[in-house]
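Here's the structure, in C-alpha cells; my notes come after.
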Amino acid sequence: MKVKVVDHPLIRHKLTIMRETETGSKDFREMLDEIAMLMTYEITRDLKLEEVPVTTPVTKCTGYRLAAGSITVVPILRAGLGMVNGVQKLIPTAKVGHIGLYRDPKTLMPVEYYCKLPSDLNAETIVVDPMLATGGSSAAAITLLKQKGLKKIRLMCLVAAPEGVEVVNKEHPDVEIFTAALDESLNEHGYIVPGLGDAGDRIFGTK
Ligand code: PRP
Ligand code: URA
C-alpha cells in the first residue's frame, strides 16, 4: 500500500474532535478547514521554487517564489468543498475545479453529475475529499481528470480505509495519496470504521 499518513499532533487532535459524534457542524467544518490547511503545508514540500532578486531594507539578496505554473484544487462534491478554503489560505492563487460525484447507496458505485475544470492542463492538481472508503469516487475523479488531460495529480483526504488506498494505488499508481489517518476497515454499508460517519452530512447539516 502506497500512502503517506500526515499525522502531526495538531492534526491528530483536531481529527479526534471531528470523529466524536457530539461534535456539531460548525466545529466539524472549522476542524476540517484547519486540517486541510495543515495538510497542505505538509504535502506541498516538493513544489518547485525559482530564485528572484529581492531588495530588503538592508541589502540585496536572492529570494524564492513558487515557480510559474498554476496549482489547481479539485474538490469532489459535496464533502470535498469543506477542504478548499484550507488549501486556498496557503495558496491563494490556486484555481478551483469541481467534480460532482455521489456514491450510489446500493451499489456503492460513483455516479458523476458535474465537472468544471480550469483550463491549465499543466497545473499541479490536488484532489480533495475527506473520505476515501471503497476508493470508487476518488479513482473515478482521477480518471476523469486524466481524460481531460491533467497529469500531475495528488490526492489529499482526511480518513482513508485500506480498501480505498488499494483501489487508487492499483488504478492510479502515479498518484500520491496523503491522509490524516489510515483507519481499520469498511463496514457492510461501505462506511469507514471507526471513521467519522457521513462527512457530507456532518459538514452541511443534512440528514
Ligand atoms: C462520500 C465521500 C466520498 C465518497 C467516498 O461522498 O465524500 O466522495 O463518499 O466513498 P468511496 O470511496 O466508497 O467512493 P458521498 O457519495 O456520500 O457524497 P456527498 O459528499 O455528496 O455526501
Ligand atoms: N463516505 C462518508 O462520508 N463516510 C464514510 O465513512 C464512507 C463514505
Side-chain angles (χ1 to χ4, degrees), residues 1-5 14-25 27-33 35-36 39 73-87 96-117 125-146 153-173 175-207:
M1 254 200 306
K2 238 177 46 189
V3 58
K4 172 100 189 357
V5 180
K14 290 171 194 296
L15 177 57
T16 300
I17 296 171
M18 294 183 73
R19 288 189 192 274
E20 179 57 61
T21 312
E22 296 304 312
T23 300
S25 284
D27 291 336
F28 191 90
R29 281 195 303 272
E30 278 176 14
M31 294 298 124
L32 181 58
D33 182 52
I35 293 176
M39 287 187 75
V73 53
V74 180
I76 302 178
L77 307 181
R78 291 174 299 169
L81 287 173
M83 300 176 81
V84 174
N85 188 48
V87 177
V96 185
H98 293 87
I99 293 184
L101 288 175
Y102 71 87
R103 201 170 69 150
D104 183 281
K106 285 210 179 73
T107 64
L108 300 183
M109 295 305 290
V111 182
E112 183 192 330
Y113 60 89
Y114 189 74
C115 180
K116 178 87 180 168
L117 302 170
T125 303
I126 307 173
V127 176
V128 294
D129 190 330
M131 310 309 279
L132 179 61
T134 65
S137 303
S138 290
I142 295 165
T143 299
L144 188 58
L145 292 175
K146 287 182 175 174
I153 302 170
R154 60 191 85 187
L155 172 64
M156 178 164 99
C157 54
L158 187 69
V159 182
E163 292 89 333
V165 171
E166 271 191 47
V167 164
V168 175
N169 279 173
K170 188 154 173 249
E171 292 188 25
H172 302 289
V175 172
E176 259 192 291
I177 306 172
F178 300 89
T179 183
L182 184 60
D183 276 10
E184 284 158 26
S185 57
L186 295 178
N187 68 14
E188 65 276 23
H189 305 293
Y191 275 82
I192 300 176
V193 180
L196 46 72
D198 188 304
D201 283 343
R202 296 194 66 183
I203 292 169
F204 296 107
T206 41
K207 212 168 202 173

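Remember, it's 1-based here, ligands and their atoms both numbered in the order they're listed. Count residues from 1 along the sequence.
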Return yes when at least one protein heavy atom is under 4.0 Å from atom 1 (C) of ligand 1, and no when none is. no
Any protein heavy atom at under 4.0 Å, with atom 6 (O) of ligand 1 as the reference point? no
Among all protein non-hydrogen atoms, which one is nearest to [atom], and what is the separation to 0.1 Å?
| atom | answer |
| --- | --- |
| atom 17 (O) of ligand 1 | Asp198 OD2, 4.0 Å |
| atom 21 (O) of ligand 1 | Arg78 NE, 3.0 Å |
| atom 5 (C) of ligand 2 | Tyr191 CD2, 3.4 Å |

Test Leu158 against Leu196 for side chain to side chain contact (heavy atoms under 4.5 Å, CB included), laying out the working first. CA-CA 10 Å; Leu158 187 69; Leu196 46 72; 3.8 Å; yes
Any side-chain heavy atom of Ile192 sitting closer than 4.5 Å to one from Leu186? yes
Carboxylate-amine/guanidinium contact Arg78 Asp201, below 4.0 Å: yes
With atoms numbered from 1 as shown, which atoms in ligand 1 lie under 4.0 angstrom from a non-hydrogen atom of [X]?
| X | answer |
| --- | --- |
| Tyr102 | 16 (O) |
| Asp129 | 2 (C), 3 (C), 7 (O), 8 (O) |
| Met131 | 2 (C), 3 (C), 5 (C) |
| Ala79 | 7 (O), 20 (O) |

Nitrogen or oxygen atoms of Ser138 and ligand 1 under 3.5 Å apart: no
Just distances here: any N/O of Ala133 and N/O of ligand 1 closer than 3.5 Å? yes
Once you round to the nearest 0.5 Å, how far does [atom1] of [X] lie from [atom2] of [Y]?
| X | Y | atom1 | atom2 | result |
| --- | --- | --- | --- | --- |
| Arg202 | Asp27 | CZ | CG | 10.0 Å |
| Glu112 | Ser137 | CD | OG | 11.5 Å |
| Leu145 | Cys115 | CG | SG | 7.0 Å |

Arg103 touching ligand 2 at heavy-atom level, < 4.0 angstrom: yes
Report yes or no: does a heavy atom of Ala79 sit under 4.0 Å from some atom of ligand 2? no
Out of [options], indicate the one that has the non-hydrogen atom closest to [atom].
| atom | options | answer |
| --- | --- | --- |
| atom 16 (O) of ligand 1 | Glu163, Met109, Arg103 | Arg103 |
| atom 4 (C) of ligand 1 | Pro110, Ser137, Cys157 | Ser137 |
| atom 4 (N) of ligand 2 | Gly197, Ala199, Ala133 | Gly197 |

Which pair of non-hydrogen atoms, one from Glu171 and one from Ala139, has the smallest distance, and what is that distance? OE1-CB, 3.4 Å
Verify the distance criterion only: is there a donor paired with an acceptor across the side chains of Thr134 and Arg103 at less than 3.5 Å? no
Evaluate side chain to side chain contact (heavy atoms under 4.5 Å, CB included) for Ile203 paired with Leu81, printing each intermediate quantity in order. CA-CA 9 Å; Ile203 292 169; Leu81 287 173; over 6 Å; no
Would you find more than 12 non-hydrogen atoms of other residues, nucleotides or ligands less than 6.0 Å from Glu176 atom CD? no
Logged contact type for Thr134 with ligand 1, heavy-atom cut-off 4.0 Å, is both
Using a strict 4.0 Å cut-off to heavy atoms of Gly190, name the atoms of ligand 2 that fall inside it. 7 (C)
Element-labelled atoms of ligand 2 that are located less than 4.0 Å from some non-hydrogen atom of Ile192: 5 (C), 6 (O)
Is the backbone of Ile177 close enough, under 3.5 Å, to the side chain of Arg154 for a donor and an acceptor to pair up by distance? no
Do the side chain of Asp183 and the main chain of Gly195 share a donor and acceptor less than 3.5 angstrom apart? yes
Worked check of side chain to side chain contact (heavy atoms under 4.5 Å, CB included) between Val159 and Leu15: CA-CA 9 Å; Val159 182; Leu15 177 57; 4.0 Å; yes
Using non-hydrogen atoms of the residue, decide whether Leu108 is closer than 4.0 angstrom to ligand 1. no
Under 4.0 Å, counting heavy atoms only: does Gly135 come that close to any atom of ligand 1? yes
